Amino acid sequence: MRRARLGAHPSLGIGGELTMTTHRSDFIRAVVERGYLHQCTDLDELDSRAAEGVITAYIGFDCTAPSLHVGSLVSIMLLRWLQRTGHKPIVLMGGGTTKVGDPSGKDESRQMLSDDQITANMATIKRVFSAFLTFGDGPTDAIMVDNAEWLDDLRYIPFLRQYGAHFSVNRMLGLESVKARLDREQPLTFLEFNYMVLQAYDFLELCRRHDCTVQMGGSDQWGNIVSGVELGRRVDSCALFGLTTPLLTTASGAKMGKTAKGAVWLNEDMVPAYDYWQYWRNTEDADVGRFLRLFTELPSDEIARLEALEEAEINEAKKILATEATKMCHGDAAAAALATAQRTFEDGARGDQLPTIELSRHDLDTGFAAFDILHRAGLAASKSEARRLIKAGGARLNDTVIGAETQTVGTADLDPDGVIKLSAGKKRHALVRAV
């Protein structure tokens with residue numbers, strides 16, 4: 001998005017047309033300046049309302065896994081900025097919509113989960129939000145709502161008669177989330193086709209129950225969000241707004257939140273704080289400024305200073321990004337992660353917070369082939385990958401290059417604390433602890 005003059009930014013109307021405006025509200029100013037804005041149904045009017053009083057906005061999160069991952073972090077940070085600038089966030093848990101499955105951005109139907117699985121996932125997903133938002137009964141305190149409260153008890157025929165007439169199948173087929181699926185000749189089930197209707201109805205219910213007037217989400221949700229805006233206008237004559245964030249990829253085109261080891265989950269029991277810190281530390285140079293704006297609350301002038309650093313100095317900016325992002329999600333564990341990284345990378349020492357596996361002393365007495373123990377430690381996705389890593393000279397045992405893939409690793413390699421340090425390249429490390 002191109003800045004035309006100081007204090008003025010392009011705004012996007014419902015059709016995506018650019019207009020110029022000077023933003024009055026702290027919320028919209030933060031959204032634009034920090035890079036969260038992709039589209040908005042009426043940015044000028046939303047800006048005016050946010051400047052005049054408290055607005056209530058929501059983002060929905062389906063319960064398809066036991067944790068959200070980094071790909072959801074832009075949405076979570078958007079809710080945080082909403083609250084930080086004096087407005088009320090609603091976290092909508094998709095206890096109902098998860099049973100249908102959002103087809104947006106997917107080539108095939110999502111796996112159907114049982115009610116018990118959805119309930120269990122929701123319980124663990126909820127944990128992360130308390131790190132980012134303040135919940136309570138105050139005018140700007142966040143609340144969490146489950147859309148199963150109203151979706152589970154809908155009567156099908158009355159629902160269709162009351163709301164179905166407000167949706168055009170012709171238009172629904174033209175929505176990008178549907179069109180892309182059909183263009184790739186991937187089947188779209190009638191169950192999934194209902195998702196956008198239910199999401200629009202969620203918005204109407206939240207408006208009625210909580211005076212919620214804004215729905216926010218990723219750019220792939222634009223069609224669904226606009227449908228909710230229009231449903232509210234047609235059924236209750238209420239003025240609703242939609243705002244989307246850009247689809248994020250890294251400078252090299254990789255999808256956010258994915259690594260060779262899998263998804264970067266936000267729950268610490270699925271991705272330890274050190275691994276989470278390391279994910280941000282490995283940010284590409286070209287992404288540092290953008291990620292500092294999106295995933296930290298550092299002031300703009302400090303971010304400008306950090307992103308201007310060059311060559312080796314940019315690594316200091318990456319450490320700050322990693323520490324600030326980890327602090328936001330995992331609190332005090334960020335300091336321990338930074339200390340571990342400094343010991344591991346700068347002092348050449350062993351960091352006790354590194355990912356650790358435990359092996360019995362009896363098995364270590366027998367010994368493991370180097371490629372096997374690297375795989376067991378999670379430093380290679382397969383034993384063949386571990387063999388290739390060793391052949392390329394990228395594997396280390398206690399900071400010494402492993403010379404052969406069948407080299408035995410065992411009791412003799414333990415340090416006085418009963419620990420072996422393994423490394424894959426310069427940035428990935430793990431510990432083996434004898435028990």
Side-chain angles (χ1 to χ4, degrees), residues 67 258-265 267-283 312 315-316 318-319 322-323 326 330-435:
S67 171
K258 298 288 186 180
T259 69
K261 296 173 69 175
V264 183
W265 302 104
N267 285 21
E268 191 171 1
D269 59 335
M270 295 180 69
V271 170
Y274 175 80
D275 287 351
Y276 190 79
W277 187 95
Q278 193 62 40
Y279 170 77
W280 295 106
R281 169 61 181 81
N282 291 336
T283 293
N315 289 328
E316 295 305 313
K318 293 180 183 180
K319 291 177 190 176
T323 302
T326 305
H330 297 306
D332 294 341
L338 173 61
T340 295
Q342 288 176 328
R343 291 191 65 200
T344 304
F345 301 129
E346 296 172 13
D347 302 336
R350 167 170 61 81
D352 292 332
Q353 299 300 316
L354 289 172
T356 302
I357 62 167
E358 295 182 342
L359 296 175
S360 71
R361 282 189 177 270
H362 177 269
D363 289 341
L364 285 167
D365 286 341
T366 304
F368 295 85
F371 70 86
D372 184 19
I373 202 166
L374 282 168
H375 173 57
R376 288 170 181 261
L379 294 177
S382 64
K383 291 181 180 180
S384 59
E385 181 181 310
R387 290 177 185 270
R388 290 193 296 270
L389 179 68
I390 294 169
K391 287 179 180 178
R396 286 180 169 77
L397 169 67
N398 293 327
D399 296 320
T400 300
V401 173
I402 298 174
E405 60 192 71
T406 55
Q407 176 180 326
T408 300
V409 180
T411 307
D413 300 300
L414 293 169
D415 70 8
D417 295 325
V419 171
I420 297 169
K421 178 183 174 184
L422 298 170
S423 305
K426 296 180 179 179
K427 297 181 179 180
R428 297 175 55 221
H429 308 271
L431 303 181
V432 177
R433 190 178 301 279
V435 293

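Only a predicted model underlies this, so the values are computations on that prediction, with no experimental measurement involved.
Between the side chain of S67 and the main chain of N267, a donor-acceptor pair closer than 3.5 Å is present. Checking side-chain atoms of T406 against main-chain N and O of A369 turns up no donor-acceptor pair under 3.5 Å. In terms of modelled atom types and a separation under 3.5 Å, the side chain of R433 and the main chain of T356 share no donor-acceptor contact. Without hydrogens or angle criteria, T411 side chain to D365 main chain gives a donor-acceptor distance under 3.5 Å.
Every residue two or more places apart in sequence or in another chain was checked for a side chain to side chain donor-acceptor pair (under 3.5 Å) with T283, and none qualifies.
Rounding to the nearest 0.5 Å places CD of Q278 at 11.0 Å from NZ of K318. How far OG of S382 is from CG of L374: 11.5 Å, rounded to the nearest 0.5 Å. Remark: T408 OG1 to L364 CG distance equals 11.5 Å, nearest 0.5 Å. Going from atom NE2 of H375 over to atom CZ of F368 covers 12.5 Å, rounded to the nearest 0.5 Å. With values rounded to the nearest 0.5 angstrom, L379 atom CG is found 12.5 Å from R396 atom CZ. Distance check, rounded to the nearest 0.5 Å: CG of L389 to CZ of F371 gives 13.0 Å.
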Would V432 and D413 satisfy side-chain contact (heavy atoms from CB on, under 4.5 Å), going step by step from the backbone distance to the final call?
CA-CA 10 Å; V432 177; D413 300 300; over 6 Å; no
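For the pair A380 and E385, the tightest heavy-atom approach, listed with the atom from each and the gap, is CA-OE2, 3.5 Å. Closest heavy-atom contact between G410 and I420: O-CD1, 3.7 Å. Between L414 and A434 the shortest heavy-atom distance is CD1-CB, 3.9 Å. Minimum heavy-atom separation, G378 to R428: O-NH2, 3.3 Å. Of all the heavy atoms in I402 and A370, the pair that sits closest is CG2-CB, 3.8 Å. E268 approaches A273 most closely through the heavy-atom pair OE2-CB, 3.4 Å.
A side chain to side chain contact (heavy atoms under 4.5 Å, CB included) with L422 holds for exactly one of L397, L431, I357; it is L397.
Using cut-offs of 30° and 60° for the angle between ring planes, the Y276 and W280 rings count as perpendicular.
Heavy atoms of other residues, nucleotides or ligands lying less than 6.0 angstrom from CG of D332 number 12 at most.
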